[in-house]
J.: 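Once you've had a glance at the structure underneath, I'll fire off some questions.
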Amino acid sequence: MTNLEIAEVLRHVAASYKLKDEKKNRFKIIAYERASDAVEHLSSEAKDLWDDGKLKDVAGIGESIAAHLDEIFRTGKSKHFSEVMKGLPESMFELMKVPGIGAKTAFRLSSKFKSKISASDPIGSLEKLAHKGEIAKLPGMGEDSQDAILKSIKEVKGRTIRLLLPYATQIADEIIEYLLEAKFVKSADALGSVRRKASTVGDVDIACATNYPKKAIEYFTSYPKASRVLEKGERTAGIVVAGGRQVDLMVETPDAYGALLQHFTGSKHHNIALRELAIKKGFSLSDYGIYIKKKGKKILKKIPTEEEFYKFIDMDWIPPELREDMGEIEAALNHTLPKLVDLSEIKGDLQIHSDFDIETSHDIGESTMFDLVAKANELGYEYIAFTEHNPSRGKHSDKQIIDILKRKKEKIYKLNNELRIKNKGLKRIFNSLEIDMLPSGKLPVPDEGLELLDFALVSIHSSFRQSRDEATNRVIAAMSSPKVKIFAHPTGRKLGKREGVDLNWEKILEFCKSKNKWLEINAEPMRLDLPDILVKDAVNIGIKLTLGTDAHHVNGMDNMPWGVSVARRGWAQIGDIVNTRSLEEFERMLEL
DNA sequence: GCCGTTTTCGGCCCGACTGTTTTCAGTCG
């Protein structure tokens, strides 16, 4: 059972309690919803935690829920959950997937149209009923509700995967630019997961500061690229842009903008923790500002900037990337927040594929070494590594592989000489290779070939479905080769397409620490791998990380900022990232 | 049902928008 499935079950339990007796179960409902959230955002599989007896360590899962989940993992179901959901129509849980339909509405629809809602496709049945005008006839519903349901169903059906960060950022940037063209808009910022630079983004949210909120809402809803206006209030508005992507705007006057920015940047978990803390200090936080109690009255203090907002509760300003309630609140209170690594501190790109014909079975780069060097100079790097895939093993003998690698070494040797003569910008090109790990953990390059390299990366490109132990042993075996320094795109995940390989991270991190091996943060937007949560684990233990774009074209080298975002979300500082070092220091580290 | 730097009891985040209502319920973030 996956985390997503467990989270869904917990949410269904919460919905069931809501229907049975909302008043009586008020806090139980919150508890189950929180537990559901917690499981959904877990960095490891709940099943694995259960295996290790650590399920109860998850904040939000206590004695009782842990026991029910234990029953589910052992027997496939929970008697208690079945009892709670007893008497409720099965189809209602499916209908709740439609935005705007919650527990109550779903229950009413499922009960009312019992015979007309098919078990195999409840949402499809509902759509038919809506088309016939049946929904509008229900008490408390009307034409507008029916239309809203139809539109939502359409969106559910055409729902694309979550956006990758760069695309979401681009949508946000274009709208921010549009907003700032209006004279009455003082400032505009991305909110939510875009501002926190999460790897994927659902909806794009934007804030704007203006003394003319009405005008700003009007202006926003007439954005030329909007295909539809979802809502239009006094303070917020929502539109749909190309690809069915929703963009929400929050408007505030400049004197209260800080509280708004803080609130809608989130994350939800960060805000909840923050508000609970504020209550203990006698304040109440909201997106309008901070309420202070005076003589039994609540007085609103408006907050123009985020810095002032955090300062008011005795905290340092927290970089948005850290706002996940993962310890940043405690650190901000103690003034021990890390100084996060910055893009300007990156001195090299450690994964680049040129068009050198290395006769690999994988994809070869599209740009020449010459063009890639020019790009590296443009980016102000001191060094780069050419890391083409290894020559294919099936088509080459060991001797042929060694010959190819010799040719590549010579070519890079010549290029390095030219750099030395020019004596500016880029100082050194490293001769590296991204080597497949065979399923056994063996490397498809003979030792004599490895000796030709400055250092090597290893990565997984096949057999993604090995068992946890098999895969872990494979990685450790492959990394044990002396020339191998970096484990590239370690989980092998592709966002929205493929889960990563199931690995025992405790073991791998321990290995990296003891053998001084490095983990790559791959900056390719669909990878962003190592994931931020594992970056944080690695940083905690003191494992060094590298940044590489995995560029197969000069343009790919522009992806470095996304990798830096992942590093920052994992609390990495300059010292944690190897390629923030000067060339001389980096060379020393390679020899360790 | 969960949780603890005032607590193992007594709390539990805050507010907007929509639609269908004459004061609110449901849903969402």
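Values reported hereafter were calculated over all heavy atoms of this structure, with side chains retained and with hydrogens, waters and symmetry mates removed. Since we're looking at a predicted model, the values are computed, not measured. So that the names make sense, note that chain A is the first sequence line, chain B the second, and so on, each numbered from 1.
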J.: Within a 6.0 Å radius of atom CD on A/E143, are there more than 12 heavy atoms belonging to other residues, nucleotides or ligands?
T.: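 No - once you tally the heavy atoms of other residues, nucleotides and ligands closer than 6.0 Å, there are 12 at most.
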
J.: Would you find a donor on one side and an acceptor on the other, under 3.5 Å apart, between the side chain of A/T253 and the backbone of A/N211?
T.: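 Checked: no pair found.
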
J.: Starting at the 5' end of DNA chain B, which residue's closest nucleotide do you reach first, A/L230 or A/R34?
T.: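 Checking each residue's closest nucleotide, the 5'-ward one belongs to A/R34.
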
J.: Please tell me if A/T236 has a side-chain N or O lying less than 4.0 Å from either OP1 or OP2 of B/dA16.
T.: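 For B/dA16, neither OP1 nor OP2 has a side-chain N or O of A/T236 closer than 4.0 Å.
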
J.: Taking atom P in both B/dG11 and B/dT7, compute the distance separating them and give it to the nearest angstrom.
T.: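 That atom pair is separated by 14 Å.
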
J.: Using whole Å, what does the distance between atom C1' of nucleotide B/dG1 and atom CG of A/N25 come to?
T.: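 The answer, rounded to whole Å, is 10 Å.
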
J.: Would you call B/dT6 syn or anti, using the 90° rule around 0?
T.: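 This nucleotide is in anti.
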
J.: Report the distance from atom CD of A/E252 to atom P of B/dG15, rounded to the nearest whole Å.
T.: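 Distance check: A/E252 CD to B/dG15 P gives 13 Å.
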
J.: Counting only side-chain heavy atoms from C-beta out, which of B/dT20, B/dC17, B/dG1 sits nearest to A/E231?
T.: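 That would be B/dC17.
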
J.: Tell me: CD1 of A/I239 to P of B/dC17, nearest whole Å?
T.: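 Distance check: A/I239 CD1 to B/dC17 P gives 16 Å.
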
J.: Of all the nucleotides listed (B/dC14, B/dG1, B/dC17), which has the minimum atom distance to the side chain of A/S286?
T.: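 Given the options B/dC14, B/dG1, B/dC17, the side chain of A/S286 is closest to B/dC14.
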
J.: Once you round it to whole Å, what is the distance between P of B/dC12 and CG of A/L277?
T.: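 In whole Å, B/dC12 P and A/L277 CG are 14 Å from each other.
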
J.: Using a heavy-atom cut-off of 4.0 Å across all strands, would you classify A/L274 as base, sugar-phosphate, or nothing?
T.: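 A/L274: no heavy atom of the nucleic acid under 4.0 Å.
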
J.: Using a strict 4.0 Å threshold on nitrogen-to-oxygen distance, state whether A/R493 and A/D529 make a salt bridge.
T.: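 No, this pair does not count.
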
J.: Would you sort out whether A/K151 and A/D147 count as a salt bridge (Lys or Arg N to Asp or Glu O under 4.0 Å), showing the intermediate values?
T.: CA-CA 6 Å; A/K151 280 178 183 161; A/D147 286 350; 6.0 Å; no

J.: Please give, in whole Å, the distance from B/dG1 C1' to A/H68 NE2?
T.: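 Going from A/H68 (NE2) to B/dG1 (C1'), I get 9 Å.
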
J.: Is a side-chain donor-acceptor pair under 3.5 Å present for A/E328 with A/H270?
T.: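 A donor-acceptor contact under 3.5 Å links the two side chains.
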
J.: Can you classify the ring geometry of A/Y17 versus A/Y32 as parallel (below 30°), tilted (30 to 60°) or perpendicular (above 60°)?
T.: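 Rings of A/Y17 and A/Y32: tilted, as their planes differ by 30° to 60°.
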
J.: Does B/dT8 have a Watson-Crick or wobble mate here (both distances under 3.5 Å), and if so which one?
T.: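 Check on B/dT8: unpaired, no WC or wobble geometry under 3.5 Å.
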
J.: Look at A/E321 together with A/K536 and state whether they make a salt bridge at an N to O cut-off of under 4.0 Å.
T.: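 Salt bridge flag = no for A/K536 with A/E321.
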
J.: Among A/T305, A/T210, A/D189, whose side chain to side chain donor-acceptor pair (under 3.5 Å) with A/Y257 holds?
T.: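 Single side chain to side chain donor-acceptor pair (under 3.5 Å) partner of A/Y257 among A/T305, A/T210, A/D189: A/D189.
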
J.: Quick check: are there more than 12 heavy atoms from other residues, nucleotides or ligands sitting under 6.0 Å from CD of A/E231?
T.: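 Above 12, so yes.
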
J.: Taking atom C1' of B/dT18 as reference, at what distance in whole Å does atom NZ of A/K232 sit?
T.: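 Interatomic distance, NZ of A/K232 to C1' of B/dT18: 15 Å.
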
J.: Categorize A/H80 for me: base, sugar-phosphate, or nothing, with a 4.0 angstrom heavy-atom threshold over every strand shown.
T.: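 Answer is sugar-phosphate: A/H80 comes under 4.0 Å of backbone atoms only.
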
J.: For atom C1', what is the distance between B/dT5 and B/dG1, given to the nearest Å?
T.: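 So the two C1' atoms sit 24 Å from each other.
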
J.: Write down the distance separating the C1' atoms in B/dT27 and B/dT20, rounded off to the nearest Å.
T.: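 Going atom to atom, C1' in each nucleotide, I get 15 Å.
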
J.: Distance check: side-chain N/O of A/Y32 vs OP1/OP2 of B/dC12, anything under 4.0 Å?
T.: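 The answer is no; no side-chain N or O of A/Y32 sits under 4.0 Å from OP1 or OP2.
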
J.: What contact category does A/F283 fall into here, base, sugar-phosphate, or nothing, at under 4.0 angstrom with non-hydrogen atoms?
T.: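 Nothing: the residue A/F283, judged by heavy atoms under 4.0 Å, touches no strand.
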
J.: If you measure from the P atom in B/dG10 to the same atom in B/dC17, how many Å do you get, rounded?
T.: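 Straight-line distance between the two P atoms is 38 Å.
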
J.: Between the protein and nucleotides 2-6 of chain B, list the N/O to N/O atom pairs that are separated by less than 3.5 angstrom.
T.:
{"from": "B/dC2", "atom 1": "OP1", "to": "A/G62", "atom 2": "N", "distance (Å)": "2.6"}
{"from": "B/dC2", "atom 1": "OP1", "to": "A/G62", "atom 2": "O", "distance (Å)": "3.4"}
{"from": "B/dC2", "atom 1": "OP1", "to": "A/I65", "atom 2": "N", "distance (Å)": "3.2"}
{"from": "B/dC2", "atom 1": "OP2", "to": "A/S64", "atom 2": "N", "distance (Å)": "3.3"}
{"from": "B/dC3", "atom 1": "OP1", "to": "A/G60", "atom 2": "N", "distance (Å)": "2.6"}

J.: Write down the distance separating the C1' atoms in B/dC12 and B/dT8, rounded off to the nearest Å.
T.: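 Going atom to atom, C1' in each nucleotide, I get 16 Å.
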
J.: In this structure, how many angstroms lie between the C1' atom of B/dT18 and the CG atom of A/D147, rounded?
T.: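 My rounded result for the distance is 13 Å.
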
J.: Counting any heavy atom closer than 4.0 Å, what does A/E143 reach on the DNA or RNA strands: base, sugar-phosphate only, or nothing?
T.: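 Sugar-phosphate, backbone atoms only, no base.
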
J.: Are A/R11 and A/D37 within salt-bridge range, i.e. N to O under 4.0 Å?
T.: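 Counted as a salt bridge, because a side-chain N and a carboxylate O are separated by less than 4.0 Å.
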
J.: Using the side-chain heavy atoms of A/R235, tell me which of these nucleotides is nearest: B/dC14, B/dA16, B/dC12.
T.: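 Looking only at heavy atoms from C-beta outward on A/R235, the closest nucleotide is B/dA16.
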
J.: Given the P atoms of B/dT23 and B/dC28, what is the spacing between them in whole Å?
T.: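 Pairwise P distance, B/dT23 against B/dC28, rounds to 25 Å.
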
J.: Heavy atoms under 4.0 Å is the rule here; annotate nucleotides 21-29 of chain B 5' to 3' with B where the base is hit, S where only the sugar-phosphate is, and - elsewhere.
T.: S----SSSS

J.: Using atom CG of A/L260 as one end and atom P of B/dA16 as the other, report the distance to the nearest whole Å.
T.: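 It works out to 11 Å between those atoms.
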
J.: State whether A/D325 and A/K268 are salt-bridged, where the test is any N-O pair (Lys NZ or Arg NE/NH1/NH2 against Asp/Glu carboxylate O) under 4.0 Å.
T.: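 Salt bridge absent between A/D325 and A/K268.
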
